[in-house]
Number of protein chains: 2
Amino acid sequence: MPDVHTLGGMMDRIRALLTVIEEGSVNRAAVRLRITQPALSRQMQALENELGGKLLERETSGVKPTGLGHALVKAMRPLVEGYDTALAELRRQARGERSELRVGYLLSAAQSMLTPALAKLRKSQPEVKLKLHDMSPREQIDGLRAGELDFALIGQEGVTAANEFHSARLCSLHVCVAVADSDSLAARKNITLKELKGRDFIGVDEDQVPGRNRWATALCKSAGFKPRFVVVVDGITNVFSQVVSESGVTLLPGYFEKLQHPGVTFVPVSDEKARWDFIVLWQKGRASASTRALVEALKQVAAEMNA
Amino acid sequence: MPDVHTLGGMMDRIRALLTVIEEGSVNRAAVRLRITQPALSRQMQALENELGGKLLERETSGVKPTGLGHALVKAMRPLVEGYDTALAELRRQARGERSELRVGYLLSAAQSMLTPALAKLRKSQPEVKLKLHDMSPREQIDGLRAGELDFALIGQEGVTAANEFHSARLCSLHVCVAVADSDSLAARKNITLKELKGRDFIGVDEDQVPGRNRWATALCKSAGFKPRFVVVVDGITNVFSQVVSESGVTLLPGYFEKLQHPGVTFVPVSDEKARWDFIVLWQKGRASASTRALVEALKQVAAEMNA
DNA sequence: TGCCGTTATGCCAGATGTGCATACCCTCGG
DNA sequence: CCGAGGGTATGCACATCTGGCATAACGGCA
């Protein structure tokens, strides 16, 4: 009698039992499983020992399942099948053949870049399925970390996590500053960073837009002063309220100029060094063809936009 | 590098990976799994080889899952958990602790016996769940064979399958004959089998009520003649139509006398030997406590009915 | 009774997995 | 700058498991 303690390989014995019951014969099942009949016979005995009950009614013309055997088939067949398909999918994924790309992006920032890139992707790889998730930079990074996203289209915030993932800089935008309409700067065509020295800065919550404040700080430092954040708010719209009510300023990526916000004026910053990088992050590990294709498409779109 | 060909034990390695990812450390996971860290480390390598991709990002402070690792967790955890609960349920079942009894019965025949028996069962084992299935004798037997039923409450038809399962005779009813109201026999208080000699018999489809015709034939033979089946119909109600329209007769278990059917009269058969056995079949193998309880309850009810 | 099918058992060789000891790598702190 | 202490990987020897081969045991059937 084979040993009972052997929990490993239980799954295989269950598969074997499924085959045996399908065939109604240990012999024929052994052929299908490419092992010998004695080996299979012992597997069945082992399985019965492990479960503590008979699974097969041995008869002179073959075997047929007992009630317990039937119960096992009903309970285990779907699991075994699910296991197999899951395994196959994982293998495909490991080989780099993803059937689905999950992309995180920030609508206001990335739409102009993402839409044409996806069009390109659909042309070169029409079969790949896309899941788009409009979420904040922080959520994107968390999503990447949790494996729920394959891509993050993200701004300057992404540099804080760039070493955890693959990354590519897509483009570099100029910077603008948001001031209240009533501000003396609001009438200017453009300004330099230096002129912001001594102003009250409005910060944004580190949790939602990580790295933004540090980026602003670094920019100011390059201009020779240290910004003073009088208040830190969460949510970009709250920043604008504060800009108006407190006559504060805040540094923003250039694409905000196209937006309208009552009471707020966006003035371009003329400093050469004041740039806002827009980057894409994606999971490390073997890159699938579709992954590479999406990165390429994004780079092309970015290049065309710069030109 | 460990061998790649080893498909057996894949499941265990997947479980191990789940633990490793939960713990974020091969070391701690090894403790939980009661194996050494090197063994577990090798399991992870083996798993990665089998899948063909990296699952863990090894860092100096432990490990964290790659995208593929995350995907594996998402796909496999529910399967592993389902597998475990299924296995536990099967073990319980093997030990004879069924949580549910699936009973097949024929409403018209068994109701008078089943209802009180279930009441008794509920008293002695209130926690056992019951699934009742009103189905034809043939369906009941098929259900038993397919493992979809634990019990079949069945008449004479059951004897054809009695050796495949455990069986017990519950009671033995007298027999009656169905004749048309216009028949000369319809006025009789009772008759003997012999008087049916030469009559046209209505048979019933072997598929739906297996053994019924054979039972009738055997009864007649014991009375010294061979019945002639002029027609075989499917469904018991069709039998009555034929009895009326063809002036045929048919032998039935005694409980039909309580039924009403327009144009049909049921006359008791007085022969001592003409009996209709009512039996219960149940799955072979270790009988659970609830199984034994139900059988006992049925026997008691039958005994009370006979008294 | 002998033949042919079935499943079960004894025995041996090869594959697999584990533990132990140790190597290796990185970070942190003196 | 180097050693301590945390992590994971590797070399090696040994126990365990599993499968194949040969053969037994058993039941039906001519």
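Proteins come first, then strands; the chains are lettered A, B, ... in the order of their sequence lines, and each starts at number 1. In this text the structure is predicted, and so the values were computed from the model without any measurement.
In this model, the phosphate group of D/dG7 is not approached by any side-chain N or O of B/Arg58 to a distance below 4.0 Å at OP1 or OP2. Close to D/dT10, at under 4.0 Å from its OP1 or OP2, lies a side-chain N or O of B/Gln45. Dashed line: the shortest gap from a side-chain N or O of A/Arg13 to OP1 or OP2 of D/dT18 is under 4.0 Å. Regarding contacts with the backbone of D/dG27, every side-chain N or O of A/Thr60 stays at 4.0 angstrom or more from both OP1 and OP2.
Remark: the A/Arg42 side chain and the D/dG20 base include a donor-acceptor N/O pair separated by less than 3.5 Å. For D/dG7, its base never sits under 3.5 Å from the side chain of B/Arg28 at any donor and acceptor pair.
Using cut-offs of 30° and 60° for the angle between ring planes, the A/Phe201 and A/Phe225 rings count as tilted. Ring-plane geometry between B/His166 and B/Trp282 is classed as tilted, the angle between the planes lying from 30 to 60 degrees on a 0 to 90 degree scale.
Between the P atom of D/dG7 and the CD atom of B/Gln37 lies a distance of 10 Å, rounded to the nearest Å. Taking atom NZ of A/Lys64 as the reference point, atom C1' of C/dT6 lies 16 Å away to the nearest angstrom. Taking atom CE of A/Met11 as the reference point, atom P of D/dT18 lies 16 Å away to the nearest angstrom. For the pair A/Glu57 CD and C/dA8 C1', the computed distance is 16 Å after rounding to whole Å. Computed from coordinates, the A/Leu40 CG to D/dG19 P distance equals 9 Å when rounded to whole Å. Atom-to-atom, CG of B/Leu33 to C1' of C/dG17 comes out at 14 Å; the value is rounded to the nearest Å. Rounded to an integer number of Å, the gap from A/Glu59 CD to C/dA8 P is 12 Å. Atom CD1 of A/Ile35 and atom P of D/dC17 are 18 Å apart (whole Å).
Applying the side chain to side chain donor-acceptor pair (under 3.5 Å) test between A/Arg13 and each of A/Glu50, A/Gln45, A/Gln43 identifies A/Glu50 as the sole match.
Residue B/Asn27 places its side chain closer to D/dG7 than to any other of C/dT7, D/dG20, D/dG7. Distance from the side chain of B/Val63 is smallest for D/dT8 among the nucleotides C/dC20, D/dT8, D/dG20.
Of the residues near DNA chain D, A/Thr36 and B/Ala39, the one whose nearest nucleotide (by heavy atom distance) lies more toward the 5' end is B/Ala39.
Between A/Arg102 and A/Glu148 there is no salt bridge, since none of the side-chain N atoms of the basic residue sits less than 4.0 Å from a carboxylate O of the acidic one.
Judged purely by atom type and a 3.5 angstrom limit, A/His70 uses its side chain to pair as donor or acceptor with the backbone of B/Arg145.
B/Gln43 comes within 4.0 angstrom of the backbone, heavy atoms only, and of no base.
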